[in-house]
Amino acid sequence: MTYLFLCGCATTMQSHLNDVQNNFANSNFETTTDKNIDEQNNLDLLINGTALFHANDFEQSDKIFEEFNKRNLSETSSSVSREATGLLFGQSVNSYKPYMMDSLFVSYYQILDLLAMQDFANARVVINQSYERQKNMSSEYKKLIENNKKEIIKDSQIAEFIDKNSNDWLAFRDIMNPALMYLSGIYFLNDGDFDNAILYLKRANGMMPDNKYIKQDLELAQKRIRPTNMTWKFIETGFAPRLREENASIYLFNIGLVQFTFADAYQMPNYTIPQNSEMLANVDALFMTEYNEYRINEILRSYASAVSKTVAQATLYNSRSDYAPLLGIMSSVYTAASSNADVRTWATLPKYIYVERYKNNDNVNNLIYNREINGKIIDNKNIKLQKGEHK
C-alpha cells in the first residue's frame with residue numbers, strides 16, 4: 001500500500017490540481033478542505049484563500065492568508081529532519097514548502113482583500129510587511145544561487161546533465177512581484193502619501209520599464225498630485241506554470257545506471273491578451289526565476305539520493321546472505337517508491353497580469369479586478385480606493 005501511494009503521489013497530485021483549475025474555470029470556488037483552518041496544509045491555505053477571495057468572502061480569505069503567514073515566517077529556511085525525510089522517502093511526503101513567490105502573492109491578495117473591506121489601515125500594514133519580506137527574499141535568493149553553483153561543480157556528470165536540461169523560459173534576475181509593487185504604489189498615491197508612492201512606483205517602473213501606466217502614476221506622485229475620477233483595472237488571465245514528474249538516468253563507473261526523478265515546469269495554454277492594456281506581471285517568468293534554482297537543488301538532491309540507494313541495492317544483491325535476492329527486490333521497490341518528485345504548486349495563480357488605467361464618471365477612484373480563464377470572466381470586482389465615497 002505504501003509503495004502504491006508513494007509511486008502514485010505525483011499523478012494523484014496532478015489530478016487534484018487539474019480538478020482545482022477546472023473548478024476555478026467554471027467559477028466553482030468551493031474550498032477543497034474542511035473550513036477549519038487548523039486542518040489545512042500550506043497548499044490548501046493558498047488555494048482556499050484565493051477561492052474565498054473570488055467568492056467575495058474577503059474576511060475569511062484574509063484570515064486564511066494570515067494563518068499562512070504565521071506558519072511561514074521564514075520561507076527560505078530548511079531543516080536537517082526535512083532534508084533527511086526527503087532523501088529517504090521523496091520530497092512529496094514533506095509538507096508543501098511554499099515558494100518565495102507564493103508569499104509575495106499572498107501579500108498581493110491580502111491587500112485586495114483589505115481594500116475590498118475598506119480596511120485601509122491594515123492594508124498599509126501588509127504593504128510594509130511585504131516590502132521587508134521582498135528585501136529579505138532577495139538576499140536569500142542570492143545565497144541559493146551561490147550554494148547551487150558550489151554543489152554543481154562537485155560532479156561533472158550531473159553538471160553536464162543540468163546544463164543540457166536547463167529551461168530557457170524568460171526569467172528575471174531577482175525575486176520580485178511588480179503587481180504587488182504597483183498595487184502598493186496606487187494605494188499610497190490615493191492616500192496622498194507621495195513619498196511612499198514614489199518609492200513603490202519607482203520599483204514597479206524598474207521591474208516593468210515599458211508600462212506607460214506605471215510611468216503616468218509615477219509622474220503624478222513626483223508632482224505630488226492625487227488622481228481624481230480614475231479607474232485602475234487589473235486583469236489576471238490564464239494559469240501559472242504547472243509541474244510534472246520527469247525521469248532521468250546517468251551511468252556511473254563502478255556503480256552502474258543511476259535513475260532519478262525530478263519535477264519540470266510546463267507552461268499552461270489558453271490565455272487572453274486584453275486590449276488597451278499593459279503587461280504588469282509575467283507570472284511565468286516570476287515562477288521560473290525562482291524555480292530554475294529550486295530545480296537545480298532538487299536534481300542535485302534526487303541524484304544524491306538515487307546514488308546512495310543504488311549502491312545499497314547493489315550491496316544487498318551481491319551479499320552472501322540466503323535472502324540476498326529478496327533483499328535486493330525489496331531494495332528495488334523501496335528505491336522506486338521513494339524516488340518521487342514534488343509537483344505541488346499554487347495552481348490557481350494567473351499566467352499574466354495586465355493593467356488598464358482610464359478616467360471615469362464615478363466621482364471616485366476605484367480598482368476593477370478581473371479574472372479571466374480561457375477567455376471567460378470568472379470574477380469581476382469594483383473595489384473603492386477612497387473610503388466612504390460610495391454607498
Mind running side-chain hydrogen bond (donor to acceptor under 3.5 Å, both in side chains) on Gln40 and Asn48 for me, showing each step along the way?
CA-CA 9 Å; Gln40 299 179 33; Asn48 292 339; 2.8 Å; yes

Is the closest side-chain heavy-atom distance between Asn370 and Lys233 below 4.5 Å?
yes

If you draw the axis of the six-membered ring of Phe58, does the NZ or CZ of Lys63 fall within 45° of it and under 6.0 Å from the ring centre?
no

Checking the side chain of Asp264 only, and the main-chain atoms of Glu245 only, is there a donor and an acceptor separated by less than 3.5 Å?
no

For Arg344, is there any backbone N or O sitting under 3.5 Å from a side-chain donor or acceptor partner on Asp342?
yes

Ring center gap for Tyr108 and Phe105 short of 6.0 angstrom:
yes

Tyr96 backbone acceptor or donor facing Asn42 side chain under 3.5 Å:
yes

When you check the gap from the basic side-chain N to the acidic O, do Asp217 and Lys215 get nearer than 4.0 Å?
no

Does Tyr200 have its ring centroid less than 6.0 Å away from the ring centroid of Phe188?
yes

Cationic N near anionic O, under 4.0 Å, Asp193 to Arg124:
yes

Salt-bridge contact Lys142-Glu140 (side-chain N to carboxylate O under 4.0 Å):
no

Heavy-atom side-chain contact between Pro274 and Tyr352 under 4.5 Å
no

Is any side-chain heavy atom of Ile214 closer than 4.5 Å to a side-chain heavy atom of Leu280?
yes

Looking at OG of Ser27 and CD1 of Ile377, how far apart are the two atoms once the value is rounded to the nearest 0.5 Å?
10.0 Å

Are Leu367 and Phe234 packed together at the side-chain level, in the sense that at least one heavy-atom pair is separated by less than 4.5 angstrom?
yes

Would you say Lys351's side chain and Met268's backbone share a donor-acceptor pair under 3.5 angstrom?
yes

Rounded distance (nearest 0.5 Å) linking atom CZ of Phe287 with atom CG of Asp102:
8.5 Å

Would you call the rings of His54 and Tyr369 parallel, tilted or perpendicular, where under 30° means parallel and over 60° means perpendicular?
tilted

Given side chains that start at C-beta, do those of Asn22 and Asn28 come closer than 4.5 Å, heavy atoms only?
no

Within a strict 4.5 Å, meaning less than it, do heavy atoms of the Glu372 and Glu236 side chains meet?
no

If I take atom CG from residue Leu349 and atom CG from residue Leu46, how far apart are they, to the nearest 0.5 angstrom?
8.0 Å

Asn365 side chain to Met230 main-chain N or O, any donor-acceptor pair under 3.5 Å?
yes

Does Lys70 pair with Glu66 as a salt bridge, N-O distance under 4.0 Å?
no

